Amino acid sequence: MEVISCLSEMQKSSLQWEREGKKIGFVPTMGSLHLGHLSLVDLVRDQSDLVIVSIFVNPTQFAEGEDLEKYPRDLERDLLLCKEQKVDYVFTPRTEDIYKVNASTYIAEKSVSEKLCGQSRPLHFKGVTTICAKLFNLCRPTFVALGQKDAQQVSVLKRMIEDLHFPIEVIVGRIVRETDGLAMSSRNVYLNDTQREDARLIFQALIKVKKLVVEEKTINVDRLKEELMKVLQQGNSVRVDYAEVVNRNTMRIEEGNISKESLLVVAVWVDSVRLIDNMDLSNE
Ligand code: AMP
């Protein structure tokens, strides 16, 4: 496994691999790796000649006052995990190289990113699309693996890839969870024991709604949201940022009855820790 930090070296190498007809699998991350990230490596490895994992805590997707400074970082551990996972290249660019002081070009998606997390974190997706476009240009992936955990991010990036004609196929990995159901996240380390107890309610609420859909054929969106809220409100430290049923492709909020493309999406604050999760409500 090789670690590359230099932008021009990364791009020169990936252009060379491209010329050789090699298929490049790419997993963009902010590090502090867990099994969710590693499952994405497995997902692209079979169809790729080589796998690149990027580790970069992207400042432009954090707003003022968010957790950029305290975001967990442990490069040494991340590199060990990548090696064990048979990653070929780890790309660890420096912030000052990615964002030159005189840079003035950003990429913004203007539809899928507007609601939900886009509303709560107004500049977040602009940061995500900008960094991913940069990373795509530097790593030249054939496949990019993204986690369903960040469902809106998947839809936003799919739209960007389509709109800007990136020759990249998106592969979406299922949500990897802790044994108690909590979706794995680098931010879970912020939770103390009581907060962690409350955080478990998120998956319990999602499961309850899924059960209502599957077993009792409940299809009314308001009714499902009501049941979801009942579970979430059991947590003293839980404050719901949003809980919606959306179309999984457009992220448009659904009303009335659920559809074949319905996705239940939630963002909650557990005290000062913001967690997101989602559940496919289709019966397939
Ligand atoms: P992050 O490091 O949080 O930016 O995440 C990097 C990639 O890992 C994104 O595509 C995430 O959606 C994905 N990811 C994060 N958590 C999980 C999880 N629990 N299961 C599957 N993929 C995940």
Side-chain angles (χ1 to χ4, degrees), residues 27-28 34-44 109 111-120 125 128 143-162 169-185 187-188 199-232 238 240-268 274-284:
V27 183
H34 51 67
L35 292 176
H37 297 114
L38 301 179
S39 71
L40 297 177
V41 173
D42 287 341
L43 209 57
V44 284
E109 192 284 332
S111 169
V112 187
S113 62
E114 294 295 279
K115 294 269 160 53
L116 311 171
C117 288
Q119 202 157 328
S120 315
F125 285 118
V128 170
F143 309 106
V144 62
L146 303 172
Q148 173 64 18
K149 150 103 186 337
D150 299 272
Q152 190 175 15
Q153 175 168 283
V154 169
S155 301
V156 170
L157 289 174
K158 276 185 173 170
R159 181 62 66 86
M160 179 191 84
I161 285 169
E162 190 184 331
E169 186 182 325
V170 176
I171 300 172
V172 181
R174 64 174 189 86
I175 304 176
V176 178
R177 298 180 179 280
E178 303 286 354
T179 41
D180 63 2
L182 179 65
M184 287 193 180
S185 163
R187 289 190 166 97
N188 289 351
R200 291 166 59 172
L201 292 169
I202 303 168
F203 185 59
Q204 288 171 16
L206 294 176
I207 283 287
K208 182 175 179 195
V209 171
K210 178 82 182 180
K211 248 180 145 171
L212 282 172
V213 173
V214 175
E215 290 175 11
E216 298 184 26
K217 312 286 177 225
T218 309
I219 52 169
N220 181 267
V221 166
D222 287 338
R223 170 99 183 76
L224 294 171
K225 284 204 283 194
E226 208 177 290
E227 291 301 323
L228 181 93
M229 292 303 285
K230 272 194 213 161
V231 180
L232 292 177
V238 175
V240 177
D241 178 10
Y242 63 73
E244 299 287 356
V245 174
V246 299
N247 175 291
R248 78 167 97 103
N249 300 314
T250 62
M251 292 289 130
R252 205 161 294 147
I253 291 168
E254 294 188 334
E255 289 167 358
N257 291 338
I258 59 169
S259 72
K260 273 197 201 138
E261 295 185 331
S262 288
L263 186 74
L264 178 61
V265 289
V266 294
V268 306
R274 189 172 179 279
L275 300 171
I276 57 170
D277 204 340
N278 64 84
M279 173 71 69
D280 183 1
L281 294 185
S282 69
N283 254 336
E284 285 134 29

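Remember, predicted model here, so these are calculated numbers, not experimental data. The first residue in the sequence is number 1, and the count goes up from there.
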Query raised in the report: Distance-only, no hydrogens or angles: does the S120 side chain make a donor-acceptor pair with backbone N or O of C117 under 3.5 Å?
Result: no

Q: Taking the side chain as every heavy atom from C-beta outward, state whether V128 and V156 have any pair of such atoms under 4.5 Å apart.
A: no

Of all heavy-atom pairs linking P28 and L146, the shortest is CG-CD2, 4.2 Å

Item to complete: Look at the side chain of N278 and the backbone N and O of Q148, then say whether any donor-acceptor pair between them is shorter than 3.5 Å.
Response: yes

Could you check whether any side-chain heavy atom of V144 comes within less than 4.5 Å of a side-chain heavy atom of I171, counting everything from C-beta outward?
no

Heavy-atom side-chain contact between N188 and L275 under 4.5 Å:
yes

- Hey, are the side chains of V266 and F203 touching, using non-hydrogen atoms and a 4.5 Å cut-off? no

Between E162 and K158, does the salt bridge (charged side-chain N to carboxylate O under 4.0 Å, His left out) criterion hold? Intermediate values first, please. CA-CA 6 Å; E162 190 184 331; K158 276 185 173 170; over 6 Å; no

Distance col, row L201:CG vs L206:CG, nearest 0.5 angstrom, shows 11.0 Å

dist R200:CZ -> R177:CZ (nearest 0.5 Å) comes out at 13.5 Å

Between E227 and K208 the two heavy atoms that sit nearest each other are OE1-NZ, 2.8 Å

Practice prompt. For residues K210 and V213, determine if any side-chain heavy atom of one lies less than 4.5 Å from a side-chain heavy atom of the other.
Written response: no

For N247 and E261 the tightest heavy-atom approach is ND2-OE1, 2.8 Å

Applying side chain to side chain contact (heavy atoms under 4.5 Å, CB included) to D241 and R274, what does each step give before you reach the verdict?
CA-CA 9 Å; D241 178 10; R274 189 172 179 279; 3.0 Å; yes

key: N/O donor-acceptor pair under 3.5 Å between E216 side chain and K211 backbone   = no

Is L264 close to L224 at the side-chain level, that is, under 4.5 Å between some pair of heavy atoms? no

Scanning both residues in full, the closest heavy-atom pair of V246 with L116 reads CG1-CD1, 3.9 Å

Distance col, row I175:CD1 vs D150:CG, nearest 0.5 angstrom, shows 8.5 Å

* **Full working for salt bridge (charged side-chain N to carboxylate O under 4.0 Å, His left out) between D280 and R174** => CA-CA 11 Å; D280 183 1; R174 64 174 189 86; over 6 Å; no

In terms of heavy-atom contacts, I276 and A267 come closest through CG2-CB, 3.7 Å

When rounded to the nearest 0.5 Å, the distance separating OG of S39 from CE of M184 is 9.0 Å

Rounding to 0.5 Å, atoms CG (L212) and CD1 (I219) come to a distance of 12.5 Å

side-chain hydrogen bond (donor to acceptor under 3.5 Å, both in side chains) filter on Q119, not counting sequence neighbours, yields none

Taking atom CZ of R252 as the centre, does the number of heavy atoms from other residues, nucleotides or ligands within less than 6.0 Å exceed 12? no

Item to complete: Report yes if the side chains of L263 and Q152 come closer than 4.5 Å at any heavy-atom pair, otherwise no.
Response: no

Tightest non-hydrogen contact, residues S282 and R248, listed as OG-NH2, 3.6 Å

- Check: E178 side chain, L182 main-chain N or O, donor-acceptor pair, under 3.5 Å: no

inquiry  = For the backbone of E244 and the side chain of K225, can you confirm whether one donor and one acceptor N or O come within less than 3.5 Å of each other?
reply    = no

**Report entry** Check: S111 side chain, T250 main-chain N or O, donor-acceptor pair, under 3.5 Å
**Finding:** no

Can you establish whether the number of heavy atoms outside K115 located under 6.0 Å from its atom NZ is more than 12? no

Is there side-chain contact between L157 and E109, with at least one heavy-atom pair below 4.5 Å?
-> no

Paired with V27, the side chain to side chain contact (heavy atoms under 4.5 Å, CB included) test is passed by just one of L38, L43, L40, namely L40

